[in-house]
Each structure stands twice: as C-alpha cells, then as structure tokens.
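Structure, as structure tokens:
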Protein chains: 2
Amino acid sequence: MATGRSHTERTRGIPEATVARLPLYLRALTGLSERSVPTVSSEELAAAAGVNSAKLRKDLSYLGSYGTRGVGYDVEYLVYQISRELGLTQDWPVVIVGLGNLGAALANYGGFASRGFRVAALMDADPKLTGKMIAGQAVRHVDELESVVRENGVSIGVIATPAGAAQEVTDRLVDAGVTSILNFAPTVLTVPEGVDVRKVDLSIELQILAFHEQRKAGDGLPPDAEPPASGPGISGAMVRRRPSSAPKSDREPGVQPA
Amino acid sequence: MATGRSHTERTRGIPEATVARLPLYLRALTGLSERSVPTVSSEELAAAAGVNSAKLRKDLSYLGSYGTRGVGYDVEYLVYQISRELGLTQDWPVVIVGLGNLGAALANYGGFASRGFRVAALMDADPKLTGKMIAGQAVRHVDELESVVRENGVSIGVIATPAGAAQEVTDRLVDAGVTSILNFAPTVLTVPEGVDVRKVDLSIELQILAFHEQRKAGDGLPPDAEPPASGPGISGAMVRRRPSSAPKSDREPGVQPA
DNA sequence: TAGATTGTTAATCGATTAACAATC
DNA sequence: TAGATTGTTAATCGATTAACAATC
C-alpha cells in the first residue's frame, strides 16, 4: 500500500519549498490575468507574491525555461505551466469529514472549486446533521465514507472533525484508498508510508505570533524566574527539579564556536 | 512605528523552525500531563509530536537545560517552560474581523481560549451581522475597530474577511496599534516593518497535496505536451510563445554539476 | 545595437541529524 | 556501579540570495 519512496525521489527534484510557493505565484498570476496583463517580469511577479525575485526565478527554473530574457514571462502561459505542474489541470474530488463550524466554512470556501477541487461529499457522524444542506449539498452520514470514496475516486480527504475522531476517520479514509489528507484537527495523525498529511493548526499559528509579540512588547526576554507557586491551571509539580548544574541562563546560543 | 530590527536579533537566537515546533511539543506534553505522566524521554516526546528525537533535544536546548540525563524531562516543568517561552503565561486579547463561516468557526474554536488567547471582540462590516451572538458574544460593527483595539490593548488581529477587505482592515488594525496579524484572507498583505503577519491559506494547502497526489497517481511526470488549444477556463493566449531555444524537457534539475 | 531581464552559478546561511561524551 | 538519556558537536543537507553571463 505504501510506495516506500521518499518525496524528493518522487517529485522530479522540485524542492518542497518551491512547491509550497507555486500556489502563491499562481494566485498572483491569476490576478494579473484577470487584469489582462500580458507579460510580467520576475521583479514584478515577485513583488506581487511577496518574495525575492532571485528566489522566484530559481523556483520557476525548476519547471523549465518559460521566460524570455529582456521581456519577462507570458502571464497566461505561466499560469498554465504552474497549474499543470501542480496537477490543477485535472479534477480532484475531495471529501470533507466533519461539518461543525470549520467544516461548513471549508465547504463554502470558493477557493476550492476554482482550482480543480470538487467537493464530492460532506460527511459527519452526527445523525442530526445528515440531510442538512450545506454549500448546496446534503450532508451524508460517515457510515457511507468507504462507498463515497470508492465511487467518486476520491484521493484527497479533508478532516475537520474533533481531535478525538480524527485518527479513526483517517484510518478509514486510507483503507478506502485516500492517499492525501488535509488535517484541521489538532492531533498528530499516524498514516502508512505513501500517504501525505498536511496539517493546518489555527492555535499553533497564534502561538507563534504570541512568541514574537512577547519579544516586541517587553522587548528582550520573558522573566527567567522560577515558576510561580500557583498559577492558572499549572500544578505545583513544575516547581520541582530545576537542574542545579544548569549554567544556561546567560549563554548565547547564537554564538557557538565553529 | 517599526523597530527596524530583524527577527533573528529580536528572538534571542531561537531559530524560527524551532519556534514553530514548540506549540507541537506543548500540545504533546499537555496530553501527557492530562494522563498524569510525570516524566518523558526525548524519544517518547518526539514520537508523540511526530519529529526526530535529536531535533527535539536540540530545540529544547535553545530554551535551557530542562532535562535530566538518564531520566528525561519533567512533564509539568517543561509545559511551564515552553508556555513561558511562547508567551502563553500571559493573556493575549485578540480581535476577529470578518464573521462569515470561517470567522464564526474561529470564534468557536476552543483552542484559543485554552492557551492564553481571549477573544476581545468579533467585528464585521455587515450591519446585518452586528448584534448577532456568536460564541457567546455580540458581533460589533467594524467602525468600532480602533476603539476596541485601544480599549482592550489588542496586539493580535485575526483577519477572516473576504480578500478585498483584508488590506484595509489590516491598515486600520496596524494604525490602531496591532503588531501581529493572522491572515486567513487569500491575499498578500503589506505591513510596515515591525508588524508580523502569518498566513493560513486553505486552498494553498490543497494545491500542495494535489502536486504530490499527481506524482503518485500517474507516477512520474505530468504530460509535458503543449497546452491544449482549449481547456477549462484557459484562454488560447497561453499557447503562444514557447521559447524556441528551450532544451529543457529532458533536463534533470536534481543533477547539477558541482 | 543598447537596454532589459532571464537562468544559473556559487557563496552563504540555516536546519537537520547521527553520534557520543557528559552525567544523572 | 551500570544503564539510560540528555545536551552538544560536527557533518550533511537543503534553501536563500547576490551577482552576472547569456540572450532576447
């Protein structure tokens, strides 16, 4: 069931970091296309996508030589080439499992349909939800998951269930033949080799922002004191062992001897 | 308004990649904590977080020497240290702008409140939404944005508006004093230096999955033929110029001369 | 041709990881 | 003490970027 080959082998040498930026370029190009701009330079496109122009040119060079020196890139031609590289010139039926607030938001999200993704089914374990119309289609019971996947040739599943249900849903999707999963549930999923999982975690993004925000606010470091004896939801246990030998409070990890 | 200093200077040398993983570790540790596990080894914690144990130890070493050789890490103590490093031991009032499906999902998302984030206000430009109760609070009109930010000391804004409104909302948030933005709108935002933006893009995640899926399905490469004369939503213009000199169809980008 | 801009090189930077000395 | 596991080193790998020759 798993292929046993790594990503880098599979992807004809296009770096992951580049793949992750292609949709950005595609979006910027689509905007130019809608404004009927015929041609764009790497400098302009890079600015529109929010990246460095050298990086843009290097990224595009992995796809082929699609620009013209002295002129730039033909917008429509590049839209097509990136779409093809990303696999967006074909139709991808997806199934969304879990139709709470987030699942409903995803079902209604226009960005899917416009890019070759077709919502083949909306599924939920709650019988009260089955039959409810969301984004123009009736929610089906998750019991039908296997048949829906097989009948529609679904290879991409979107998980918007509570954390507790995510792994079981994943297992069933994978057993039914799904090989790519977009996970919105706050859990680490275990999947067999050959199955790709991407994770979107709302709270993690906020936590990363909080980290930087903290550095800006007080500037410099958060207090390096012992933890308080009592705090919100934190037990006294943490006050316990602090390695007595630790001389770490004043070290500078950025300055290490070569 | 901008500090003019780069991230790396500001963050006491903790690599961005490490910062991005700390919330993962925190989540895994919280799970252990709830199960009253007192101590965990780097091997176990790494498995729970889905990373390599050497990477975990290196990441934690940036925070200090919080483990005990031969024993492992004290779960509660590490929870506290990571929380503190991420700035989660303080309260972060956030404002959510845009209460369509996604905004409502975010407002209802429990993961925020449990980690020091407090939803100070829900705001929308649609007068029909103002006053509506979502997640226990009334939606307010976006006209009040500046006063809400100032009165609550909001430094983090979450944008869940349509793409067209995102930049204006951003400008207003920034003018009012917000210095971190979590952007769910499918647009590149322009912000002054010193303001952090993180972007969550649902359709981009799916596109990355499609790329890998394509490689699995047909295996190997998508057809490298000229684009079709007509295709779904693609104009004939793209058939135009293909550089005549391009000898690229058979090159191997992975094998470059050193 | 002169000007513009790509595609590529090579240097640099940052992240990952195996291995192991330190040490509980 | 013997066994276990951290914290750190150093090698490797991958990503970024300035610079510029190629060429439209």
Side-chain angles (χ1 to χ4, degrees), chain A residues 6-9 11 13-22 39-47 49-74 77-78 81 240-248 251-258, chain B residues 6-9 11 13-22 39-47 49-74 77-78 81 240-248 251-258:
Chain A
S6 75
H7 260 168
T8 31
E9 287 171 85
T11 54
I14 300 186
E16 268 303 307
T18 295
V19 172
R21 281 188 295 266
L22 291 180
T39 285
V40 68
S41 71
S42 64
E43 202 67 57
E44 294 163 331
L45 183 54
V51 303
N52 172 302
S53 73
K55 179 151 57 182
L56 171 76
R57 288 197 300 278
K58 188 145 225 319
D59 284 341
L60 294 184
S61 78
Y62 289 112
L63 311 191
S65 290
Y66 294 148
T68 307
R69 290 168 206 242
V71 177
Y73 300 89
D74 181 283
Y77 186 60
L78 197 51
Q81 290 298 344
R240 254 199 299 196
R241 177 179 29 65
R242 172 84 181 265
S244 54
S245 59
K248 285 298 157 52
R251 103 208 139 101
E252 297 179 44
V255 190
Q256 286 172 358
Chain B
S6 75
H7 261 167
T8 32
E9 287 171 85
T11 54
I14 300 185
E16 268 303 307
T18 296
V19 172
R21 281 188 296 265
L22 291 180
T39 285
V40 68
S41 72
S42 63
E43 202 67 56
E44 295 163 330
L45 183 53
V51 304
N52 172 302
S53 74
K55 178 149 61 181
L56 171 76
R57 289 198 299 279
K58 188 143 227 314
D59 284 342
L60 294 183
S61 78
Y62 289 112
L63 311 190
S65 290
Y66 294 148
T68 306
R69 289 167 206 244
V71 178
Y73 300 88
D74 181 283
Y77 185 61
L78 198 50
Q81 290 298 344
R240 255 198 299 193
R241 179 177 28 64
R242 173 83 180 269
S244 53
S245 59
K248 286 298 156 52
R251 104 209 140 99
E252 298 179 43
V255 191
Q256 287 172 358

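Reminder, nothing fancy here: chain letters follow the sequence lines and each chain counts from 1.
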*Separation of atom NZ in Lys55(A) from atom C1' in dG14(C), rounded to whole Å*: 12 Å

_For the student: nearest non-hydrogen atoms of Lys58(A) and Ser61(A), plus distance_ = O-OG, 2.6 Å

*Rounding to a whole Å, what distance do you find between Leu56(A):CG and dG7(C):C1'?*
12 Å

*asked:* Are Val51(B) and Asp59(B) packed together at the side-chain level, in the sense that at least one heavy-atom pair is separated by less than 4.5 angstrom?
replied: no

_Expressed as a whole number of angstroms, how long is the span from Tyr62(B):OH to dT8(D):P?_
11 Å

*Kindly determine whether Thr68(A) and Asp74(A) satisfy side-chain contact (heavy atoms from CB on, under 4.5 Å), including the steps that lead there.*
CA-CA 8 Å; Thr68(A) 307; Asp74(A) 181 283; over 6 Å; no

*Think Ser42(B) has a side-chain N or O under 4.0 angstrom from the OP1 or OP2 of dT6(D)?*
yes

*Would you mind reading off the distance between Leu78(A) atom CG and dT6(C) atom P, rounded to a whole angstrom?*
11 Å

*Please round to the nearest 0.5 Å and tell me the distance separating atom CG of Leu78(A) and atom CG of Leu63(A).*
7.5 Å

_Rounded distance (Å) that lies between atom C1' of dC13(C) and atom CD of Glu16(B)_ = 15 Å

*Calculate, to the nearest 0.5 Å, the distance between atoms CG and CD belonging to Asn52(A) and Glu43(A) respectively.*
8.0 Å

*Interatomic distance, Ile14(B) CD1 vs dA15(C) P [rounded to whole Å]*: 12 Å

_Can you measure Gln81(A) atom CD to dG7(C) atom P for me and round it to whole angstrom units?_
12 Å

*DNA chain D base-pair string [pairs: Watson-Crick or G-U under 3.5 Å; |: paired with another strand]*: ..||||||||||||||||||||||

_Suppose we screen for side-chain contact (heavy atoms from CB on, under 4.5 Å). Which residues come up paired with Ser42(A), at least two apart in sequence or across chains?_
Ser53(A), Leu56(A), Arg57(A), Tyr73(A)

*Does Tyr73(B) make a side-chain N or O approach to OP1 or OP2 of dG7(D) shorter than 4.0 Å?*
yes

*In whole angstrom, what separates Leu60(B)'s CG from dT8(D)'s P?*
11 Å

*Shortest non-hydrogen contact from Thr39(A) toward Val71(A)*: CG2-O, 3.7 Å

Between protein and nucleotides 18-21 of chain D, what N or O pairs are separated by less than 3.5 Å?
residue, atom, partner, partner atom, Å
dA18(D), OP2, Asn52(A), ND2, 3.4
dA19(D), N6, Arg57(A), NH2, 3.3

*Taking the nucleotide of DNA chain D with the closest heavy atom to each, which residue, Asp59(A) or Gly70(A), is nearer the 5' end?*
Asp59(A)

